[in-house]
Amino acid sequence: MTPGGENPDWPPRPQRVESIFQKLGQLYPEARCSLDWRNPFQLLVATILSAQCTDKRVNRVTPALFDRFPDAASFAAVEPEQVEPYVRSTGFYRSKARHIVGTSRLLLERHQGHVPQSMEALLQCPGVARKTANVVLATAYGLNAGVTVDTHVRRLGNRLGLVTATDPARIEVELMALLPQSDWDLLSIRLIFHGRAVCKARRPACGRCGLADLCPSYAPEPVSR
DNA sequence: ATCCCGAGGG
DNA sequence: CCCTCTGGAT
């Protein structure tokens with residue numbers, strides 16, 4: 001079966017999505033955003049830092065980072081070079097430092113230093129696209145503006161045959177059409193947890209996957225060497 | 001399409 | 001060594 005291909009013997013896609021969503025809820029009842037944050041601004045910064053980097057490593061740098069730069073005004077007052085040492089271990093540190101300072105300055109100029117509650121406003125921030133905006137809106141404000149499509153959601157969406165597109169923007173549109181808006185954020189979080197724990201990029205653990213009977217990509221695991 | 005970037009796993 | 005980690009900008 002081609003990835004994303006639809007087996008005619010299987011239930012239609014919306015019905016399978018429902019089954020998968022429910023099953024993931026049983027597997028990860030405590031699933032939630034695993035970034036540490038105290039206010040929407042800290043979450044925004046942490047999410048910018050989480051690009052191509054595990055949340056665990058982000059959580060390792062943010063305490064010292066926010067101790068030195070507690071709010072948007074603190075970041076806005078310095079040059080990116082002064083932020084770099086605090087975020088170096090998260091990778092892409094020059095871009096990330098520049099984005100954090102740039103976003104902080106924009107928030108100060110246009111939003112009194114606060115994080116806006118709209119997708120449109122968030123997308124104006126440097127270093128913020130739909131993935132980051134969706135995380136902040138859903139996690140900090142409880143707003144399901146869209147579906148967060150990161151590397152895990154993309155990979156599992158394709159492997160599970162939930163979506164046919166491979167680019168994040170179209171994947172998001174396809175997923176939004178498959179579930180009620182109230183479930184959008186939870187779907188992303190559950191897929192991310194499953195992607196981290198079982199359906200890993202390199203060596204998916206199909207042998208201990210609770211979605212095996214719902215997955216068109218299920219394959220017996222190779223014998224370990 | 002390519003670049004940015006470090007750390008950990010296999 | 002190579003691949004991957006809650007991407008975004010050019």
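None of these values were measured; they are calculated from a predicted model. Labels below follow one simple rule: chain letters A, B, ... track the order of the sequence lines, proteins then strands, and each chain is numbered from 1.
- Distance NZ (Lys200(A)) to P (dC5(C)): 11 Å, rounded to an integer number of Å.
- Atoms CG (Asp167(A)) and P (dG7(C)) sit 16 Å apart, rounded to a whole Å.
- The nearest pair of heavy atoms linking Arg16(A) to Pro216(A) is NH2-CD, 3.4 Å.
- Across all strands shown, Ser34(A) has heavy atoms under 4.0 Å from base atoms, whether or not it also approaches the sugar-phosphate.
- Toward the 5' end of DNA chain B, the nearer of the two residues Arg88(A) and Arg202(A), judged by each one's closest nucleotide, is Arg88(A).
- Each of Val149(A) and Ala201(A) was matched to the nucleotide of DNA chain C holding its nearest heavy atom; the match closer to the 5' end belongs to Ala201(A).
- Among the atoms of the strands shown, only primed sugar atoms or phosphate atoms (P, OP1, OP2) are found under 4.0 Å from some heavy atom of Arg155(A).
- With DNA chain C read from its 5' end, the first of the two nearest nucleotides for Pro126(A) and Arg57(A) is the one closest to Arg57(A).
- We find that CD of Gln124(A) is positioned 15 Å from P of dG8(C), with the value rounded to whole Å.
- In terms of phosphate contacts, Thr151(A) brings a side-chain nitrogen or oxygen within less than 4.0 Å of OP1 or OP2 of dC5(C).
- If you take NE2 of His152(A) and C1' of dG7(C), they are 12 Å apart, rounded to a whole angstrom.
- In this structure, the CD1 atom of Ile100(A) is 15 Å from the P atom of dG7(C), given to the nearest Å.
- The separation between Phe92(A) atom CZ and dC5(C) atom P is 12 Å, rounded to whole Å.
- Ring-plane geometry between Tyr28(A) and Phe193(A) is classed as tilted, the angle between the planes lying from 30 to 60 degrees on a 0 to 90 degree scale.
- Of the candidate nucleotides dC2(C), dC5(C), dG8(C), dG8(C) has the atom lying nearest to any side-chain atom of Ala129(A).
- Read 5' to 3', the first and last nucleotides of DNA chain B with an atom closer than 4.0 Å to a heavy atom of chain A are dC4(B) to dG9(B).
- For dC3(C), neither phosphate oxygen OP1 nor OP2 lies less than 4.0 angstrom from any side-chain nitrogen or oxygen of Arg203(A).
- One atom, NZ of Lys96(A), and another, P of dG7(C), lie 9 Å apart when rounded to the nearest Å.
- For the P atoms, the distance from dC5(B) to dT10(C) is 13 Å, rounded to whole Å.
- Spacing between atom NE2 of His194(A) and atom C1' of dC5(C) amounts to 18 Å, rounded to whole angstrom units.
- Salt bridge absent: Glu81(A) and Arg88(A) never bring a charged side-chain N and a carboxylate O closer than 4.0 Å.
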